[in-house]
J.: 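Pasting a structure here, questions to come.
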Amino acid sequence: MCGIVGIVGKSDVNLQLYDALTMLQHRGQDAAGIVTCDGDRLNQQKANGLVRDVFRARHMQRLTGNFGIGHVRYPTAGSSGPALAQPFYVNSPYGIAMAHNGNLTNVKEVSEEIFQQDLRHINTDSDSEVLLNVFAHELHKQHKLQPKAEDIFTAMRAVHKRVRGGYACVAMIVGYGVVAFRDPNGIRPLVYGKRDTDQGTEYMVASESVALDVLGYTLVRDVAPGECLYIELDGTLHSEQCAENPQLRPCIFEHVYFARPDSIMDGVSVHKARLRQGEHLAEKILRERPDHDIDVVIPIPDSSRSAGQMVAHRLGVKFREGLVKNRYIGRTFIMPGQKQRKKSVRQKLNPIELEFRGKNVLLVDDSIVRGTTCKQIIQMARDAGANKVYFASAAPAVKFPNVYGIDMPSATELVAHGRTTEEVREEIGADWLIYQELEDLIVSSGEGNTEIKQFENSVFDGEYITGDVTEEYLNSLHAARNDNAKETKGKQSSM
């Protein structure tokens, strides 16, 4: 999962890009990068680290230009290193930089095509570089000295035919403008907005609407599945549907965990979706334990707070912030290795003992992935004096890996894979465990936009909507994503 942004402005956009990336920092903490264009000159700064650490005053001074793109990265295959920081760049044709959020499921065969047929060299193992080269090659085939909108759309139609998976991208063509596009299923999010200035209209494309809000842009709409936008330097915006059979099937895990609650995605308020998750979760609790003895509901900050508030309200019990978060520690879900995740939990959260002592506590979390974090938090609650510790997940059991851009671990490392709810309860040490029903999760998001007929739910039901995910592919994913593989890659990249 990554965050992307592209801006076509009327003055230098470096500070806008920086501010947008800080608003998208929750989507990736491994690396950050910005590329701007000043005339025919491309300016770039990217490196491993948080946005605030990658960009210094000296970098911002040389990132001049009225248009540019930015990226915050978290590695979907566990690999890291400066060479994988985005945006990526190719010099032919025209000079193109690209930032990508998602994952290609046919990257192996496309990589071979690029080498054998397109005669292009891929320098990293990143599917983002593959996607950039496919787009560059298809645009080069138009044989135009100066690309027009129709040339870009023709190239994009070919891109959609060649690649599969989940992808949302922004690309910058040196001297011409910014291109933005989304996969035919709309799995990964992408929105655009505009704002009027004395010099004219400025446009911005980003992963989440919150980035537009903070910079004073008005949200126009989501980029449609399969749609391509081309924004010229003079502010002219072109758009065209470039996929043959587009269908809106966005990733529902965005609403569970990744997105900020103040974002709007495909017409759905993330905050309201999480409130509805809490409503449905409370109803299930009342069905299963109408005579519950819960004294207090405590959310595990931050993404479960909305759901936890609604659970407490519906149950008629107290809602308390019993866990204090150290906001200078990254999100444990995207820590690169299990040892680092285990270490970070106690550094990240600290209990307020008076909220736990002698009480029957219901902890509410957005989801349970590996089970390591919630197991430690449950033990923290007991150490703080809780009488009983119940645990509720606002999402169903996560049983399958994600292949569309979320670094969900291999199936064997998912605590719910191959286990019953009772077995998971024993593993994490809770006195009672309750999961959200998948149907209720879908309703929670679907009520925000009835035009969404289907969500991408593969981590819960194992159904991969692109139809090309085989057992062989999942095995290769396991080889790349299991913690031993990640630790080995981490050691190699640090040498």
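Every value quoted in this text rests on a predicted model; they were computed, and no experiment measured them.
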J.: In terms of side-chain geometry, is the basic nitrogen of Glu254 or Arg188 positioned less than 4.0 Å from the acidic oxygen of its partner?
T.: yes
J.: Looking only at non-hydrogen atoms, find the nearest pair between Cys2 and His71 and report the distance.
T.: CB-NE2, 3.4 Å
J.: Are side-chain heavy atoms of Leu212 and Val191 found at a separation under 4.5 Å?
T.: yes
J.: Would you say Phe460 and Val398 make side-chain contact, with heavy atoms under 4.5 Å?
T.: yes
J.: Identify the two heavy atoms, one from Arg314 and one from Ala282, that lie closest to each other, and give their separation to 0.1 Å.
T.: CB-CB, 3.5 Å
J.: Under 3.5 Å, is there a donor-acceptor pair between the side chain of Lys453 and the main chain of Thr450?
T.: yes
J.: Rounded to the nearest 0.5 Å, what's the gap from CZ on Phe258 to CG on Asn101? Could you check?
T.: 9.0 Å
J.: Would you call Arg274 and Glu279 a salt bridge, taking side-chain N to carboxylate O under 4.0 Å as the test?
T.: no
J.: Around atom NE2 of His313, are there more than 12 heavy atoms from other residues, nucleotides or ligands closer than 6.0 Å?
T.: no
J.: Given the ring of Phe319, does Arg305 sit roughly above its face, with NZ or CZ under 6.0 Å from the centre of the six-membered ring and within 45° of the axis?
T.: no
J.: Could you verify whether a donor N or O on one side chain and an acceptor N or O on the other, from Ser304 and Asp366, lie under 3.5 Å apart?
T.: no
J.: List the steps and the verdict of salt bridge (charged side-chain N to carboxylate O under 4.0 Å, His left out) for Arg182 and Glu227.
T.: CA-CA 6 Å; Arg182 195 175 179 193; Glu227 183 182 19; over 6 Å; no
J.: Any ion pair linking Lys194 and Glu202 (charged N to carboxylate O, less than 4.0 Å)?
T.: no
J.: Taking the side chain from Asp53 and the backbone from Gly49, do they hold a donor-acceptor pair closer than 3.5 Å?
T.: no
J.: Between His255 and Met265, is any pair of side-chain heavy atoms under 4.5 Å apart?
T.: yes
J.: I need the minimum non-hydrogen distance between Phe55 and Ala32, along with the two atoms involved.
T.: CE1-CB, 4.0 Å
J.: Answer with yes or no whether the side chains of Ser393 and Asp365 bring together a donor and an acceptor at under 3.5 Å.
T.: no
J.: Out of curiosity, Leu24 CG to Asp19 CG, how far, rounded to the nearest 0.5 Å?
T.: 11.0 Å
J.: Is there a side chain to side chain contact (heavy atoms under 4.5 Å, CB included) between Lys359 and Asn387 once you walk through the steps?
T.: CA-CA 5 Å; Lys359 299 177 182 177; Asn387 180 34; 5.9 Å; no
J.: Any non-hydrogen side-chain atom of Ile300 less than 4.5 Å from a side-chain atom of Val364?
T.: no
J.: Mark yes or no for whether Arg195, through its side chain, and Leu215, through its backbone, hold a donor-acceptor pair below 3.5 Å.
T.: yes
J.: For side chain to side chain contact (heavy atoms under 4.5 Å, CB included), just list the numbers for Ile377 and Leu363, CA-CA rounded to whole Å, side-chain angles, deciding distance to a tenth of an Å, and then say yes or no.
T.: CA-CA 9 Å; Ile377 293 173; Leu363 295 172; 3.9 Å; yes
J.: Are any of the side-chain heavy atoms of Ile428 and Thr372 separated by less than 4.5 Å?
T.: no
J.: Any sub-3.5 Å donor-acceptor pair from Ser306's side-chain atoms to Leu275's backbone N or O?
T.: no
J.: Closest approach of Tyr192 and Leu219, non-hydrogen atoms and distance?
T.: O-CD1, 3.7 Å
J.: Between Thr421 and Glu423, is a side chain to side chain donor-acceptor pair (under 3.5 Å) present by the stated rule, with each step listed?
T.: CA-CA 5 Å; Thr421 299; Glu423 289 171 337; over 6 Å; no
J.: Indicate yes or no: does Arg370 engage Asp407 in a salt bridge with an N to O separation below 4.0 Å.
T.: no
J.: Would a 4.5 Å heavy-atom cut-off, applied to side chains only, mark Val324 and Ile352 as touching?
T.: yes
J.: If you apply the rule side chain to side chain contact (heavy atoms under 4.5 Å, CB included), what do you find for Phe455 with Ser445, and how did you get there?
T.: CA-CA 9 Å; Phe455 286 93; Ser445 293; 3.5 Å; yes
J.: Give, for atom CZ of Phe391 and atom CG of Leu362, the distance between the pair rounded to the nearest 0.5 Å.
T.: 9.0 Å
J.: Inspect the contact between Arg27 and Glu208 and indicate whether a charged nitrogen and a carboxylate oxygen are less than 4.0 angstrom apart.
T.: yes
J.: Please report the closest heavy-atom contact between Tyr18 and Ile34, naming both atoms and the distance.
T.: N-CD1, 3.9 Å
J.: Under a 4.5 Å cut-off applied to non-hydrogen side-chain atoms, are Leu414 and Met408 in contact?
T.: yes
J.: Rounded to the nearest 0.5 Å, how far apart are CG of Asn185 and CZ of Arg164?
T.: 12.0 Å
J.: So, the side chain of Asp127 versus the backbone of Leu104: is there a donor-acceptor pair under 3.5 Å, distance only?
T.: yes
J.: What pair of heavy atoms forms the shortest contact from Pro225 to Gly186, and how long is it?
T.: CB-N, 3.6 Å
J.: Find the distance between CG (Asn360) and CD1 (Ile294) and round it off to the nearest 0.5 Å.
T.: 8.5 Å
J.: Within the supplied structure, the quantity of interest is the number of heavy atoms (other residues, nucleotides, ligands) at a distance under 6.0 Å from Glu422 CD; does it exceed 12?
T.: yes
J.: In sequence, state the C-alpha distance, the side-chain angles, and the governing distance for Tyr167 and His160, and then conclude on side chain to side chain donor-acceptor pair (under 3.5 Å).
T.: CA-CA 10 Å; Tyr167 50 94; His160 287 316; 2.7 Å; yes
J.: Apply side chain to side chain donor-acceptor pair (under 3.5 Å) to the pair Tyr390 and Asp293, showing each step before the final yes or no.
T.: CA-CA 10 Å; Tyr390 307 133; Asp293 58 352; 2.7 Å; yes
J.: Without swapping roles, check the side chain of Asp183 against the backbone of Ile187 for a donor-acceptor pair under 3.5 Å.
T.: yes
J.: Within the distance-only criterion (no hydrogens, no angle test), does the side chain of Gln25 pair as donor or acceptor with the backbone N or O of Val51 below 3.5 angstrom?
T.: yes
J.: Under a 3.5 Å distance rule, please check whether Glu456 uses its side chain to pair with a backbone N or O of Ser458 as donor and acceptor.
T.: yes
J.: Counting N and O atoms only, with roles assigned by atom type, does the side chain of Gln277 sit under 3.5 Å from a partner on the main chain of His280, one being a donor and the other an acceptor?
T.: no
J.: Looking at Asp431 and Arg382, does any basic side-chain N land under 4.0 Å from a carboxylate oxygen?
T.: yes
J.: Does the distance from a Lys or Arg side-chain N to an Asp or Glu carboxylate O, for Lys284 and Asp440, drop under 4.0 Å?
T.: no
J.: Does Glu244 CD have over 12 foreign heavy atoms under 6.0 Å away?
T.: no
J.: Using a strict threshold of under 4.0 Å (side-chain N to carboxylate O), is an ion pair present between Asp295 and Lys388?
T.: no
J.: Start with the C-alpha gap between Lys325 and Asp302, add the side-chain angles, then the distance that decides, and say whether side chain to side chain contact (heavy atoms under 4.5 Å, CB included) holds.
T.: CA-CA 8 Å; Lys325 182 179 180 180; Asp302 285 315; 3.0 Å; yes
J.: Would you check if Ile69 and Leu17 make a side-chain contact, meaning some heavy-atom pair closer than 4.5 Å?
T.: no
J.: Would you kindly check if the NZ (Lys) or CZ (Arg) of Arg425 is within the cone defined by 45 degrees around the ring axis of Trp432 and under 6.0 Å from the six-membered ring centre?
T.: no
J.: Run the salt-bridge test on Arg276 and Glu447 with the 4.0 Å N-O cut-off and return the result as yes or no.
T.: yes
J.: Would you compute the distance between atom CE of Met1 and atom OH of Tyr404 and round it to the nearest 0.5 angstrom?
T.: 13.0 Å
J.: Okay, side chain of Asp222, backbone of Ala224: is any donor-acceptor separation there less than 3.5 Å?
T.: no
